Amino acid sequence: MKDTTTPHVIVIGGGTGGLCLAHGLKRAGVSVRVYERDRTRADGVQGYRVGIDPDGSRALKACLSPDLFDTFVATCARTASYFCIRTEQLKESLTLELHPPTDPVNSEKSVSRMTLRQVLVTGVEDVVEFGKVFTHYEQNDDGTVTAFFEDGTSATGDVLVAADGSNSRVRRQYLPHATVQEAGVIAVTCKVPLTDESRALLPKEVTQGIGLVMAPRGYTCILHTMEFPWDREGELKHGIGNTDAELIKNWPGLLYDNTRDYINWGFNAATRQFPSDVMQMRGKELIDLVLRMTPGWAPQLHQLFRMGDPSTCFPIKVHTTEPVPQWRTTNVTLLGDAIHTMTPGMGVGANTALRDAALLTKNLTAVSKGSMTLHDAVHDYETQMVEYGFKAVLDSRKNFSGDQVVHRDVLGRVALVGMRAGLWALNHLPPAKRKMADKLYEYRGGERE
């Protein structure tokens, strides 16, 4: 590694983690350049929900300018008040009251992936190059590293950060033994415009929170209701605070964001439960498939499935990283899904990427101040990231994979009966419910130093 206190950082990938890192480094006066394969700031991003926990909020607070962090908070959807588990007949199994949003950092938030992308591009447009498809890198004799792109151009810096997602080309070259595996689960996800009709299909606690349907055969369905500060025409809604209204009105990202209020349903099952060609299906074909797979489910849920916008319906094959021992530190490192892809079992994938970005920003800033060498900064980052990142991978896989007992025919039904009995008992013990909500809050970074 080059011995320098003025490092130039090359970031491959302009997703959540890469852009957060760019903000943090730019604010700290550290030279940074982001190379993103999408052609524009509005390409390639679906408008589905991202849950930002206190860990994620803390990272954004550390990296973004105060005004932009306030804009992020103002553009989030209404905060979820409950976490609800229901049967396939929508009968209550458990309803947890979540911690109220008493401050902008130590609270849960719901944001559209498209909206978050627009927030994170705002203010770093001068350091992001779109339309750059990374092919490979070379580590040079002088301690620098050069990235090469499909258009024949290249970029040289002191550190190269892989932020290019689960299919990271950087990881494949740098850590070929760090593989990503199928988790044995496929999800079908779809958006339903939020109207009086669609809202009435679900219990109040579900539309005001996060709903999880648990059914036989290991089938589940996640339900998120997203209500934004702007209406169907993109005009600011009445009733939001004057400060928030001013922030959103003057936020350039609103020009690129077509997100509108919706209910997102995501149906999940073991891969073997789906037809072999499911990954080629789209739209109404997928909606009809979900209806056929859930014949005994509540009519309200079937109606919600039918109301899905076919243009937003697609399948996702869930993947997970195989954790590897920490590697020798060089001038190439990784963050987010590029190194620790995880299932949605704990809902911390994006938050872990943000946590990576804040930690790497802190360490590289220390290099610019002369209090750490570049090697020590990257090594310390990797030591911490490997520990908390792979722990999150394993925790998430334990809660969301195709080899769970619930997916088995006989044992799965027995397990489901046992889980429902346990949840029913817990639901009638308010102190135990509060303790469970507290543990969830703490796991997701609440009050973490």
Side-chain angles (χ1 to χ4, degrees), residues 8-26 31-48 50 63 111-139 145-157 159-176 178-180 189 252-253 255-259 279 282 312 314-319 321 331-342 349-350 352-354 356-357 360:
H8 175 60
V9 182
I10 296 172
V11 182
I12 305 300
T16 299
L19 291 174
C20 183
L21 176 64
H23 274 280
L25 294 178
K26 182 181 176 183
S31 176
V32 61
R33 199 81 181 167
V34 179
Y35 299 90
E36 165 58 38
R37 66 182 300 135
D38 286 339
R39 291 174 298 171
T40 73
R41 65 186 286 170
D43 285 348
V45 181
Q46 296 287 344
Y48 292 95
V50 180
C63 293
V111 64
S112 157
R113 194 173 295 272
M114 171 62 84
T115 306
L116 181 59
R117 168 70 168 267
Q118 300 314 314
V119 168
L120 291 176
V121 172
T122 299
V124 291
E125 295 93 338
D126 59 328
V127 301
V128 178
E129 291 192 35
F130 290 100
K132 290 291 186 179
V133 181
F134 171 86
T135 59
H136 66 286
Y137 68 83
E138 291 181 4
Q139 291 170 302
V145 57
T146 300
F148 296 87
F149 305 97
E150 282 186 358
D151 61 5
T153 61
S154 63
T156 298
V159 182
L160 185 149
V161 180
D164 50 343
S166 300
N167 296 316
S168 171
R169 291 185 175 182
V170 179
R171 184 192 66 243
R172 287 204 295 269
Q173 179 180 350
Y174 188 52
L175 301 175
T179 57
V180 175
T189 188
L255 298 172
Y256 303 91
D257 196 338
N258 63 356
T259 305
M279 297 307 296
R282 291 294 184 273
T312 68
F314 59 92
I316 301 170
K317 187 171 286 187
V318 179
H319 289 80
T321 293
N331 54 9
V332 175
T333 192
L334 312 94
L335 65 71
D337 283 350
I339 183 59
H340 45 62
T341 298
M342 60 193 74
T352 310
L354 291 170
D356 294 346
L360 190 52

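Because the structure is predicted, anything quoted here is derived from the model rather than measured.
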Applying the side-chain contact (heavy atoms from CB on, under 4.5 Å) criterion to Leu334, which one of Leu360, Val161, Asp164, Ile339 satisfies it?
Ile339
Within the supplied structure, the quantity of interest is the number of heavy atoms (other residues, nucleotides, ligands) at a distance under 6.0 Å from Arg39 CZ; does it exceed 12?
no
With side-chain contact (heavy atoms from CB on, under 4.5 Å) as the criterion, how do Val145 and Gln139 come out once you've worked through the C-alpha distance, each side chain's angles and the decisive distance to 0.1 Å?
CA-CA 4 Å; Val145 57; Gln139 291 170 302; 4.2 Å; yes
Could you pull out the closest heavy-atom pair between Ala350 and Val50, with the gap in Å?
CB-CG1, 3.7 Å
Are Asp257 and Arg117 side-chain neighbours, meaning at least one heavy-atom pair lies under 4.5 Å?
no
To the nearest 0.5 Å, what is the distance between CG (Leu25) and CZ (Arg33)?
13.5 Å
Show your working on side-chain contact (heavy atoms from CB on, under 4.5 Å) between Arg171 and Val180 and close with a plain yes or no.
CA-CA 10 Å; Arg171 184 192 66 243; Val180 175; 3.5 Å; yes
Leu160 vs Ile12 side-chain heavy atoms within contact, under 4.5 Å
yes
Tightest non-hydrogen contact, residues Val11 and Ala163, listed as CG1-CB, 4.0 Å
Taking all non-hydrogen atoms of both residues, which atom of Gly17 and which atom of Ala357 are closest, and how far apart?
O-CB, 3.5 Å
Working note: Thr333 + Leu335, criterion side-chain contact (heavy atoms from CB on, under 4.5 Å); need CA distance, chi angles, decisive distance, verdict.
CA-CA 7 Å; Thr333 192; Leu335 65 71; over 6 Å; no
Which atoms form the tightest heavy-atom contact between Val34 and Ala22, and what is the distance?
CG2-CB, 3.6 Å
Straight-line distance of Leu354 CG to Leu116 CG, nearest 0.5 Å
7.0 Å
Between His23 (side chain only) and Leu120 (backbone N and O only), is there a donor and an acceptor less than 3.5 Å apart?
yes
Under the side-chain contact (heavy atoms from CB on, under 4.5 Å) rule, what do Lys26 and Asp126 come out as? Steps first, then yes or no, please.
CA-CA 10 Å; Lys26 182 181 176 183; Asp126 59 328; 2.9 Å; yes
Taking every heavy atom of Pro252 against every heavy atom of Thr122, the minimum-distance pair comes out as CD-CG2, 4.1 Å
Measure from NZ or CZ of Arg169 to the centre of the six-membered ring of Phe134 and say whether it is under 6.0 Å with the direction within 45° of the ring axis.
no
Any chance you could measure Met342, atom CE, to Thr352, atom OG1, to the nearest 0.5 Å?
4.0 Å
Glu150 with Arg37: basic N within carboxylate O range, under 4.0 Å
no
State, yes or no, whether a side-chain contact exists between Val32 and Leu21 at a heavy-atom distance under 4.5 Å.
no
Roughly how far, to the nearest 0.5 Å, is the CD atom of Glu129 from the OG1 atom of Thr153?
7.5 Å
With Tyr35, which of Phe148, Tyr137, Phe149, Phe130 fulfils ring pair (Phe, Tyr, Trp, His ring centres under 6.0 Å)?
Phe149
For the pair Phe314 and Tyr48, name the ring-plane relationship: parallel under 30°, tilted 30 to 60°, perpendicular over 60°.
perpendicular
Quick check for you: to the nearest 0.5 Å, what is the distance between Thr341 atom OG1 and His319 atom NE2?
9.0 Å
Thr16 and Arg113 side chains, donor-acceptor separation under 3.5 Å
no
Whether the side chain of Gln173 engages the backbone of Thr135 through a donor-acceptor N/O pair (distance < 3.5 Å, no angle test) should be reported.
no
Taking all non-hydrogen atoms of both residues into account, name the closest pair between Ala162 and Ala338 and its distance.
O-CB, 3.5 Å
